[in-house]
Asks: 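I'd like to ask some things about the structure below.
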Amino acid sequence: MAKRLRENDPEIVKTFTEVYRIPRQKFDALKEPKRMAEYFRNDIKRGMIEIGYSIDWRREFTTIDHLYSRFIQWHFRWLKMHGYITQGTHPVAWCPNDKNPVGTVDTQGDIEPEIGESYLVKFRQEELVYPTATLRPETVFGVTNLWINPEAQYVEARVDNERWIVSLESVATLEHQNHKVRVEREFPGNELLWKTVTNPVTGTIIPILPAEFVEPDNGTGMVMSVPGHAPYDYQALSELKTDPSLPIADRGLVEKIEPIPVITLEGHSKSPASDIVKKYGITSQKDPRLAEATKDLYSKEFRTGVMNENAKQYAGETVDSARKAIVKELADTGKLTKLYEILNKPITCRCGTRVVVHIVDNQWFINYGDPEWKKQAHLCLDQMAILPEERRNEFNYALDWLKERACARKVGLGTRLPWDPDWIIEALSDSVIYMAYYILAKYLVKDWVSFKRFEKSPEDLPDAFFDYIFLGEGSPEAITRETRISKRIIEGIRREFTYFYPVDMRHSAKDLVSNHLSMYIFHHTALFPRNLWPKGIVANGFVLMERAKMSKSLENIIPLRQAIAKFGADPLRIGVLSTAELNQDTDFSESLVATIQERLVNLVAQSRKLGRRRESGKSKPSTLDRWMMSRLNSAAQTATIAMEKLRVREVINTVLYSIENDAAWYQRRLGPRKKQDGRDRVLKQVYDFKARMSAPLAPHVAEEMWASLGNKGMVAKADWPEFDENLHDSTAEAAESIIRQTLDDTAEILRATGLTPKRITYYSAAAWKWRMYQKALDTAVKSQTDQGNFIRDVMSDAELRSIGKPAADFASKAIRQASQMKEELRKSRVGLELKEFKILEDAKDFFSREFKAEIHVGQEGEKRVNDPKDRARSAEPYRPAIFIE
Ligand SMILES: [Zn+2]
C-alpha cells in the first residue's frame with residue numbers, strides 16, 4: 001500500500017481519503033511502509049479500546065520487534081533441526097511485479113491461490129513443436145484438429161532445445177516455469193491457419209483451425225481439439241462448419257471433421273460433448289455456461305468413463321489409469337511436459353498485478369506434506385473443540401491438503417531466515433505460535449526492563465533461553481550464568497507460560513481455516529509436548545455489509561472507529577452479534593442497531609431507578625415472585641449453556657429479550673406499587689443477573705447498570721451468575737401460565753364480541769376433572785394411549801361413573817389432549833397439584849385492572865356458585881370457563 005501511495009495510485013488515494021478519512025497532509029508520512037503499518041496499528045488499537053475489548057496491553061508487540069524476531073529465529077532453527085524445513089525447486093503463486101510468492105493475505109479479495117498441474121502435449125510439424133495445454137492428456141486419441149486464436153499474436157521461439165510455436169503472452173508463463181525462451185519471430189495468429197501438424201500418439205495429420213474461445217494468456221494459446229469429449233471444442237467446430245465466411249476451398253475439409261469418441265460414458269451417445277451442449281442449450285462458444293458444462297462432463301468421465309477401442313492399448317482402462325499411463329509414455333519420449341496453472345484464476349495481487357505460477361530454485365519450504373507430521377496434526381484436531389462443529393471437516397481437508405509451502409521471500413518486513421539471511425520469513429509462517437510469545441512480550445515492555453542485566457540486545461539471547469521458557473529444557477541456572485538475567489525472572493516467565501498454555505480457545509474467521517489455523521495446529525504439534533497442544537478453535541463467519549463481504553481490499557468497509565462514533569460501542573457489538581450464529585455470516589443493519597441502542601438506554605434508566613429505591617420490608621415471596629425467580633434461573637441456565645458453545649445470539653435473545661419480557665409481565669401483574677410488595681428485592685435480583693450477563697456483550701452498559709444498582713467494583717470482575725435449579729418452580733410457572741391463558745382468552749372473547757364487561761366470572765374446573773386430567777397425563781407419559789382402555793379404566797371409579805356422560809366425554813378429551821401435548825409441557829404438568837381456584841382468586845385485582853370490570857371466581861360443581869348461563873361445566877384444567885356480563 002505504501003508503494004501504491006508513493007505512485008499516487010488513484011484507487012488507494014480514494015480508499016485512504018474516503019474510507020479511512022486520512023487527511024492528505026498525512027500521506028507523505030505513510031509512504032514509508034513501517035510508518036504506514038504503525039498508523040493502522042495505532043488506529044486499530046484505539047478502535048479496540050473504544051469498543052471495549054478486555055485486552056492485556058502489556059502483551060502488545062509487533063512481528064518486527066527485535067525480541068520477536070529472535071523468537072522466530074529460534075522457532076525456525078528448531079524446525080530445520082528437526083527436519084520440518086526443506087529446500088527445493090517447486091511452483092509457487094507469484095507476483096511478477098513484487099517478485100515475491102503470493103498467499104491469501106497478499107491478494108485482492110483475500111483469495112488463496114491454488115496451483116494445479118496441466119500438461120503440454122507436443123504436436124509437431126517437422127522440427128517445429130506446437131505444445132497444447134490440457135488437463136486430459138488421455139483424450140489425445142480423439143484430437144481432430146488444433147485451435148488457435150487468429151486475432152492473437154504468436155511467436156516462434158527457441159524453448160530449451162526445441163523450436164516452439166506459442167502465443168506471445170505464454171512466453172512469460174514459460175519463463176516463470178524455468179524454461180529458457182528466446183523469441184525469434186513474432187507473427188499474427190492467422191498465419192497458422194490451415195497448416196497441418198502430426199498427433200504425437202496416433203501419427204494422424206490434422207489441421208490448425210480458428211476459434212474465438214482460445215485465450216492467448218491461457219496455457220500456450222493453442223488448444224488440442226477433442227470435439228467428442230470437450231464441450232468448447234464441439235461448439236467451436238459446429239460454429240465453424242456453418243460459418244458463411246469460410247472459404248469454399250476450406251469448407252470441404254472442415255465439414256469432413258467428425259468427433260472421435262475415446263471414452264464410453266454410460267447414459268450418453270458416442271459424443272458426450274454434443275449431448276451436454278444440447279442439454280445446456282448452448283449455441284455460442286462465448287457462452288459462460290460452457291465452463292460449467294465442461295466441469296460437469298469432465299468429472300463424470302473421470303469418475304465413471306472407460307477408454308474405448310480408439311484409445312488403442314488403453315482400451316478398457318479407467319480414465320484415471322489411462323491418464324497416468326499416457327503421461328508416463330509421452331514424458332519418457334519427450335512428447336509431453338508439465339505446465340502449472342493457477343486453478344482459481346484470475347487472482348490479482350494487492351499491487352494490482354495478475355498472479356502467475358513461478359518456479360523458484362532452492363526456495364525454502366515448510367514440509368506440511370510430511371505424513372508423520374500430518375498424523376500428529378490430525379491427532380491434535382481430533383482432541384480439539386471446533387466451534388461451530390460444522391467446520392471440522394474443513395480442517396480435516398486442510399490438514400490433508402497442505403503440502404510443501406514456501407515460507408520465505410526476498411523483500412518485505414519480517415525476520416530473516418537465521419541460516420540464509422537473503423530470505424525473509426513470510427507473514428503466514430512467522431505467526432503460527434505467537435500466542436506463546438504473549439508471555440514473553442510482557443517482559444519486554446518498558447524498554448527491556450526485565451532483562452536489563454542482560455547487557456546485549458535481544459538478538460543475542462541464546463536458544464537455550466527459549467528452550468527453557470517454552471520447552472522446559474535445560475536449567476535456569478545455566479541461562480542465568482550465560483545471560484545474567486536473574487533466575488527469578490527466568491523461572492517466573494516459565495511459570496507464567498505453563499500457567500497460560502495450552503491455548504483454550506483461539507478465535508478467528510473461517511477464511512483462515514485452510515491456512516493460518518491449520519498451520520497453527522501443525523506447528524504446535526511439532527514444537528510442543530501433547531499437554532500444550534491447542535484445545536479449541538472458534539472460526540466465525542464474516543460481517544456482511546448489505547449482503548456483500550467486507551474485506552480489506554474491497555471498498556465496502558466501515559472502519560471500526562467510525563462505526564463506534566456513529567452507533568456507540570455497545571449497540572454496535574450487539575448489532576453484529578445478534579443477527580447470526582457462529583457458522584453464518586452476519587448482515588449489518590443500521591436500523592437494528594438503532595433499536596438495540598434504545599433498549600440499552602432503557603436498561604440503564606431502569607437500573608438507576610431501582611438503585612435509588614430502598615428495599616421495603618421482608619415480605620414472604622408470593623407465587624408470582626417465585627415465578628419470576630424460576631424464570632430468571634432458567635434463563636440464566638439457558639444463557640450459560642449457550643455461552644459455553646458461543647451461541648452468542650441465543651445469549652442476547654435470552655438476556656436482552658426473554659428476561660425483559662418476563663420482568664415486564666411481572667410488573668404488569670403487580671400493578672401499581674404498594675408498600676412491602678417485595679418487588680424491588682425481586683427486580684434487583686433480575687437486574688443483578690442482567691448486568692452480569694450483559695458484561696461480555698455490552699460492557700459499558702453493564703458497568704453503568706452495575707454501579708447504578710449500588711454495587712462496588714466492576715461487573716467485568718464479578719462472577720457470571722450462578723443459576724440455582726432449586727429455584728425452578730413448576731407450580732409457580734403453571735399457575736402463571738393459567739393467568740396468562742385466561743387473560744388472553746378473555747381478551748379474545750371481548751375482541752370477538754365487542755362487549756364492554758361490567759362483571760367477569762371465572763370458573764375453575766371441578767376437582768374430578770383435575771383428577772382425571774392428571775391420570776391422563778400419567779397414562780400418556782407411559783405412552784399408553786389407547787383411549788378405550790383409559791376411559792374404561794377411569795369410569796370404573798364409582799364416583800365418576802355417577803357423573804355419567806360428562807365424565808366419559810371429558811375422559812376422552814383429556815386423554816386425547818395429553819397424548820398430543822408437547823413432551824416438555826406434559827412433563828412440566830404431570831403430578832402438579834394446582835389450586836386453580838385460589839390462583840384465580842389471587843389474581844382478581846389483576847384481571848379487574850386489565851378489564852376494568854368486577855371479577856368473580858367460582859368453582860364448577862360448588863352449590864353456591866352463581867352460574868345463571870350454565871357456563872361452569874365447560875371449565876377444564878388450565879382453562880377456566882369464562883362468563884361475561
Ligand atoms: Zn504484487
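Every heavy atom of this structure was used, including side-chain atoms; hydrogens, water molecules and symmetry mates were not. By convention here, the first residue in the shown sequence is residue 1. Bear in mind that the values here come from a model prediction, so they are computed numbers and not experimental data. Each ligand, and each atom within it, is numbered from 1 in the order the structure gives.
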Asks: Can you find a pair of side-chain heavy atoms, one from L461 and one from F466, that are under 4.5 Å apart?
Replies: yes

Asks: Identify the two heavy atoms, one from L527 and one from H75, that lie closest to each other, and give their separation to 0.1 Å.
Replies: CD1-CD2, 3.4 Å

Asks: When you check the space around the Zn ion (ligand 1), which protein N, O or S atoms turn up under 2.8 Å?
Replies: C95 SG, D98 OD2, C349 SG, C351 SG

Asks: Is the closest side-chain heavy-atom distance between V155 and F187 below 4.5 Å?
Replies: no

Asks: Does D160 have any salt bridge (Lys or Arg N to Asp or Glu O under 4.0 Å) partners at least two apart in sequence or in another chain, and if so, which?
Replies: none

Asks: Begin from the C-alpha positions of R70 and D463 and carry the test salt bridge (charged side-chain N to carboxylate O under 4.0 Å, His left out) through to its verdict.
Replies: CA-CA 9 Å; R70 186 58 198 83; D463 279 355; 2.4 Å; yes

Asks: So which of F470, W78, Y368, F528 actually passes ring-ring contact (aromatic ring centres under 6.0 Å, His included) with H523?
Replies: Y368

